[in-house]
Protein chains: 2
Amino acid sequence: MAGKQRVEQAVVSVKRGVAQAESICKQNHARLTPLRRRVLELVLISRKPVGAYKLLEDLKHDDFSDAPPTVYRALEFLLTHGLVHRIAKSNTYVACTHPHDDHHGLMFVCRECGEAIESEEHRLLQDIGRCGDEHGFRIPNQIVEIEGICSACRMN
Amino acid sequence: MAGKQRVEQAVVSVKRGVAQAESICKQNHARLTPLRRRVLELVLISRKPVGAYKLLEDLKHDDFSDAPPTVYRALEFLLTHGLVHRIAKSNTYVACTHPHDDHHGLMFVCRECGEAIESEEHRLLQDIGRCGDEHGFRIPNQIVEIEGICSACRMN
DNA sequence: TTATGTAACGTTATAATATAACATCTTCAG
DNA sequence: CTGAAGATGTTATATTATAACGTTACATAA
Ligand SMILES: [Zn+2]
Ligand SMILES: [Zn+2]
Ligand SMILES: [Zn+2]
Ligand SMILES: [Zn+2]
């Protein structure tokens, strides 16, 4: 059954995401504590960018504090280490799909359903960097948010 | 004196911005009411992107209601007609520097001082559009927010 | 001109997102 | 062990934005 396979794939990708995070945190001498790991799992499990208070809801069912700082501190850690990205236009958080140093590119975000797809685009980001230079701006590597409409939503 | 000249230039640019807005609203059969005009002026006067509640503070000194919907409704109007842009990363609003139909490009935003510079970049935005196509995303014209550090702040 | 519908605005309340501040507990180097 | 730094718990509050409903101003047509 297709549903079961999708769930299994999801489980695998969550496992892989956590494993990558373990590795990165080790490199950075940072501690992926149970809380931080759990928040990362919840973000990985979510198929779309997810809000902080939604994550907090889920944390309640585990044994963590359900006060806002709990989730915001974990998210700050994950953001710092490049394990998740924040989508500013929707105040949501999404797991990074290629968590390694210095990665940069585009994040396409569907304005209808919220789906987000991350794409490394070195050439394009270089062009943006040059364009910034012309205005005296130094542009660090980053994930640039692009609003659009995904194919699924265009069908409707 | 340099200061006086700068102020005079600012006054001129506010006048020009309002004049452009008048023209655009006329074309669109939209009403640039005193409130909306005043909010636009306040955004134009501000040398940097400005928050909604800061605008609301300023509106108090005129004769308008000081409740949040006042400023948010005016901002929504101005956004709809392309007269201001919202900076998602800082929840601020800035006057558009080339308010005309279908314009698209980049908005460089300094992470230190908040300064924002808008730059039309048709070629670059076309490239982004093509990149979106490859992922099934349709990318409408828009101002893409880029985080950076301005030259002034790099001196510090 | 007055009637009438719509747009704009006033007002009150509340939602949604995020952080400050301080106490307690855990980890780890020395 | 012990002290310092890091992580979490807890309470309170800041910041940004919208819902809902009533009133006023404006356009347009009978
Ligand atoms: Zn990423
Ligand atoms: Zn979609
Ligand atoms: Zn613009
Ligand atoms: Zn700056």
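Protein chains get the first letters and strands the later ones, always in sequence-line order, with residue 1 at the start of each. For the numbers below, each heavy atom of this structure counts, side chains included, while hydrogens, waters and symmetry mates do not. This structure is a prediction, so every number in the text was calculated from the model and none was measured.
Residue B:Thr33 has its side chain nearest to C:dA8 when only C:dA8, D:dA17, C:dT11 are considered. Comparing atom distances between the B:Ser65 side chain and each of C:dA18, C:dT11, C:dC9 picks out C:dT11 as nearest. You'll find that the side chain of A:Ala52 is closest to C:dA18, out of D:dT11, D:dA17, C:dA18. Minimum atom distance to the side chain of B:Asn91 is reached by D:dT16, of the listed D:dT16, C:dT17, C:dT11. Looking at the side chain of B:Arg36, the nearest of the listed nucleotides C:dC9, C:dA18, C:dA21 is C:dC9. Residue B:Arg31 has its side chain nearest to C:dA7 when only C:dA7, C:dT12, C:dC9 are considered.
In this structure, A:Asp63 atom CG and D:dT10 atom C1' are separated by 16 Å, rounded to whole Å. Atom CD in B:Glu76 sits roughly 13 Å away from atom P in C:dA7 (whole-Å rounding). The separation between A:Arg38 atom CZ and D:dT8 atom P is 15 Å, rounded to whole Å. Distance A:Tyr72 OH to D:dA14 C1': 12 Å, rounded to the nearest Å. Rounded to whole Å, the distance from CG on A:Leu59 to C1' on D:dG9 is 13 Å. In this entry the distance linking CZ of A:Arg86 with C1' of C:dA16 reads 12 Å, nearest Å. Atom NE2 in A:His81 sits about 12 Å away from atom P in D:dG6, given to the nearest Å. Between the NZ atom of B:Lys89 and the P atom of C:dT17 there is a distance of 19 Å, rounded to whole Å.
Phosphate contact (OP1/OP2 of C:dT17, side-chain N/O of A:Tyr53, threshold under 4.0 Å): absent. Residue A:Tyr93 places at least one side-chain N or O under 4.0 Å from the OP1 or OP2 atom of C:dA18.
Heavy atoms only, all atoms of each residue included: B:Cys110 and B:Ile149 are closest at SG-CA, 4.0 Å.
Mapping B:Pro69 and B:Ala30 onto DNA chain C by nearest heavy atom places B:Ala30 at the nucleotide closer to the 5' end.
Around atom CZ of A:Arg47, no more than 12 heavy atoms belonging to other residues, nucleotides or ligands sit under 6.0 Å away.
Atoms CG and NZ, from A:Leu44 and A:Lys15 in turn, are 13.5 Å apart once rounded to the nearest 0.5 Å.
Using bins of under 30°, 30° to 60° and over 60° for the plane-to-plane angle, the ring pair A:His103/A:His85 lands in the tilted bin.
The base of D:dG6 has none of its N or O atoms less than 3.5 Å from a complementary donor or acceptor on the side chain of A:Arg73.
The existence of a salt bridge linking B:Asp127 and B:Arg123 is excluded, since no basic side-chain nitrogen approaches an acidic carboxylate oxygen closer than 4.0 Å.
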